[in-house]
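Take a look at this one; I'll ask things after.
Just so it is clear, the model here is predicted, and its values are computed rather than measured.
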Amino acid sequence: MKQHLIFDLDGTLIDSAPSILHCFGLAFSTTNTPLAAPLTHDVIGPPLMETLKRLSESEDAALLNMLASAFKQHYDTTGCLESVVFDGVTAMLQQLKDQGYQLYIATNKRFYPTERIMAHLGWQAFFTGVYALDYFNPPLKSKAEMIGRVVADNALAVEDCLYIGDRLEDGISADANQMDFALVSWGYAGDVAMRKPHWQSCAKVQDLAGLISTL
């Protein structure tokens with residue numbers, strides 16, 4: 001039986017795409033930087049600097065830092081609070097908590113806006129730990145490394161853990177830690193076709209607790 005459930009955030013628990021894409025657009029327009037790639041849902045998920053490199057097609061540190069500052073100015077003040085919870089997620093988290101599962105967040109989103117979102121939604125009591133790459137100094141390099149830190153910092157047994165996310169990267173990161181993975185498709189669902197045979201899958205929020213109880 002799984003006892004510890006580690007959740008991705010964007011595309012898994014919340015729909016933050018509209019606000020993130022809007023803030024990326026503002027970052028480029030206010031700095032007069034041309035967009036080199038379209039602002040579509042598939043830019044949601046990777047770390048901020050990685051996404052800015054893709055959208056600008058630039059490796060110039062000064063430009064990327066300027067864009068990052070502009071994005072943070074917009075997203076960290078109001079943008080992050082415009083995230084929308086997928087239908088049924090809050091009730092699902094409450095159900096899992098009531099059933100005795102320990103819940104964690106492991107997200108590529110920066111820690112500051114993640115904390116603001118948790119407080120805004122009143123979710124702090126659901127989660128034993130909230131992890132982001134930049135929570136650590138120096139920042140962690142990958143989601144796989146972050147999942148490893150969740151396990152190590154909380155002295156968890158990997159076989160008792162399940163990572164739950166909506167992207168191919170999430171599953172690969174779970175595999176890197178020899179952890180079971182559930183790919184959810186109620187969010188952005190862009191990577192469902194690339195699901196590996198040994199991964200679990202879930203298409204509806206209300207079905208997730210039942211799936212977890214079988215593992």
> Can you tell if the side chain of Leu211 reaches within under 4.5 Å of the side chain of Thr214, non-hydrogen atoms only?
Replying inline: yes
>> Between Tyr75 and Ser16, is there a side-chain heavy-atom distance shorter than 4.5 Å?
In response: yes
>> Please evaluate residues Asp170 and Leu183 with respect to the criterion side-chain contact (heavy atoms from CB on, under 4.5 Å), reporting the C-alpha separation (whole Å), side-chain torsions for both, the decisive distance (0.1 Å), and the verdict.
In response: CA-CA 8 Å; Asp170 297 328; Leu183 180 70; 6.0 Å; no
> Are Leu48 and Tyr112 linked, directly or through other ILVMFWY residues, by side chains that come within less than 4.5 angstrom of each other?
Replying inline: no
> Between Thr40 and Asp42, do the side chains contain an N or O donor and an N or O acceptor separated by less than 3.5 Å?
Replying inline: yes
> Which atom pair, heavy atoms only, marks the closest approach of Ala209 to Gln95?
Replying inline: CB-NE2, 3.6 Å
>> When you compare the side chains of Asp175 and His198, does any donor N or O come within less than 3.5 Å of an acceptor on the partner?
In response: yes
> Does the side chain of Gln3 come within less than 4.5 Å of Gln102's, by heavy atoms?
Replying inline: no
> Got a donor-acceptor contact below 3.5 angstrom from the Gln73 side chain to the Ser69 backbone?
Replying inline: no
>> Other residues, nucleotides and ligands only: do more than 12 of their heavy atoms fall within 6.0 Å of CG on Asp207?
In response: yes
> Looking only at heavy atoms, which two atoms of Leu215 and Leu162 are closest? And how far apart?
Replying inline: CD1-CD2, 3.9 Å
>> Please determine whether side-chain contact (heavy atoms from CB on, under 4.5 Å) holds for the pair Asn108 and Met146, giving the CA-CA distance in whole Å, both sets of side-chain angles, and the decisive distance to 0.1 Å.
In response: CA-CA 9 Å; Asn108 281 337; Met146 178 168 43; 4.2 Å; yes
>> Among Phe86, Trp123, Phe126, exactly one meets side-chain contact (heavy atoms from CB on, under 4.5 Å) together with Leu13. Which residue is that?
In response: Trp123
> Hey, mind stepping through Lys109 and Asp10 against salt bridge (charged side-chain N to carboxylate O under 4.0 Å, His left out) and telling me if it holds?
Replying inline: CA-CA 8 Å; Lys109 188 185 291 294; Asp10 293 330; 3.2 Å; yes
> Do Arg110 side-chain atoms and Thr114 backbone N/O form a donor-acceptor pair below 3.5 Å?
Replying inline: no
>> Under the criterion side-chain contact (heavy atoms from CB on, under 4.5 Å), I'd like the reasoning laid out for Ile105 against Tyr131: C-alpha separation, chi angles, the key distance, then a yes or no.
In response: CA-CA 6 Å; Ile105 292 281; Tyr131 287 73; over 6 Å; no
> With no hydrogens and no angle check, is any side-chain donor or acceptor of Tyr163 less than 3.5 Å from a backbone partner on Ala106?
Replying inline: yes
> Do the side chains of Tyr101 and His4 get nearer than 4.5 Å, heavy atoms only?
Replying inline: no
> Below 6.0 angstrom between ring centroids: does that apply to Phe24 and Phe71?
Replying inline: yes
> Nearest heavy-atom pair of Val158 and Asn177: which atoms, and what distance?
Replying inline: CG1-O, 3.3 Å
> Arg195 side chain to Leu168 main-chain N or O, any donor-acceptor pair under 3.5 Å?
Replying inline: no
> So do the side chains of Met179 and Val151 get within less than 4.5 Å of each other, counting heavy atoms only?
Replying inline: yes
> Listed by chain and number, what are the salt bridge (Lys or Arg N to Asp or Glu O under 4.0 Å) partners of Asp134, not counting sequence neighbours?
Replying inline: none
> Are Val89 and Val84 co-members of a hydrophobic cluster defined by side-chain heavy atoms under 4.5 Å apart?
Replying inline: no
> Shortest non-hydrogen contact from Gly165 to Phe181?
Replying inline: N-CE1, 3.4 Å
> Any link between Leu39 and Leu26 through a network of hydrophobic side chains (Ile, Leu, Val, Met, Phe, Trp, Tyr) touching at under 4.5 Å?
Replying inline: no
>> Tell me whether Lys204 at atom NZ has more than 12 heavy atoms from other residues, nucleotides or ligands lying less than 6.0 Å away.
In response: no
>> Strictly distance-based, threshold 3.5 Å: is any side-chain N or O of Asp15 a donor or acceptor partner for the main-chain N or O of Gly11?
In response: no
> Got a sec: does the CD of Gln178 have more than 12 other heavy atoms crowding it under 6.0 Å?
Replying inline: no
> To the nearest 0.5 Å, what is the distance between CG (Leu63) and OG (Ser58)?
Replying inline: 4.5 Å
> If Ile, Leu, Val, Met, Phe, Trp and Tyr residues are connected whenever their side-chain heavy atoms lie under 4.5 Å apart, and connections chain through other members, are Leu21 and Leu81 in the same group?
Replying inline: no
>> Tell me whether Ser19 contacts the main-chain N or O of Gly79 through its side chain, where contact means a donor paired with an acceptor under 3.5 Å.
In response: yes
> Say you draw a straight line from SG of Cys202 to CG of Asp166; how long is it, rounded to the nearest 0.5 Å?
Replying inline: 12.5 Å
>> Please give me the minimum heavy-atom distance between Thr12 and Trp186, naming the atom from each residue.
In response: O-NE1, 2.8 Å
> Rounded to the nearest 0.5 Å, what separation is found between the OG atom of Ser29 and the NE2 atom of His74?
Replying inline: 6.5 Å
> Looking at Leu67 and Ser56, what are the two nearest heavy atoms and their distance?
Replying inline: CD1-CB, 4.1 Å
>> I'd like to know if Val85 and Val130 are part of one continuous hydrophobic network [Ile/Leu/Val/Met/Phe/Trp/Tyr, side-chain heavy atoms within less than 4.5 Å].
In response: yes
> Per the side-chain contact (heavy atoms from CB on, under 4.5 Å) rule, which among Asn65, Leu64, Thr33 passes with Leu52?
Replying inline: Leu64
> So how far is it from Gln99 CD to Gln94 CD, rounded to the nearest 0.5 Å?
Replying inline: 10.5 Å
> From Lys143 NZ over to Ile6 CD1, what is the distance, rounded to the nearest 0.5 angstrom?
Replying inline: 11.0 Å
>> Run Gln206 and Met92 through side-chain contact (heavy atoms from CB on, under 4.5 Å) and show every step you take.
In response: CA-CA 7 Å; Gln206 59 266 34; Met92 179 263 291; over 6 Å; no
>> Looking at Asp76 and Lys72, is any side-chain nitrogen of the basic one under 4.0 Å from a carboxylate oxygen of the acidic one?
In response: no
> Between Arg116 and Thr77, is there a donor-acceptor pair closer than 3.5 Å when you use the side chain of the first and the backbone of the second?
Replying inline: yes
>> Within the 4.5 Å heavy-atom criterion, are Arg54 and Val43 side-chain neighbours or not?
In response: yes
> When rounded to the nearest 0.5 angstrom, what is the spacing between CG in Leu5 and NZ in Lys97?
Replying inline: 10.5 Å
>> Closer than 3.5 angstrom, by distance alone: can the side chain of Lys2 be matched with the main-chain N or O of Glu159 as a donor-acceptor pair?
In response: yes
> Can you find a heavy atom in the side chain of Met118 that is under 4.5 Å from one in the side chain of Leu9?
Replying inline: yes
> Are the side chains of Thr128 and Leu103 in touch, meaning some heavy atoms are under 4.5 Å apart?
Replying inline: no
>> Counting neighbours of NE2 on His22 that are heavy atoms of other residues, nucleotides or ligands and sit closer than 6.0 Å, is the number greater than 12?
In response: no
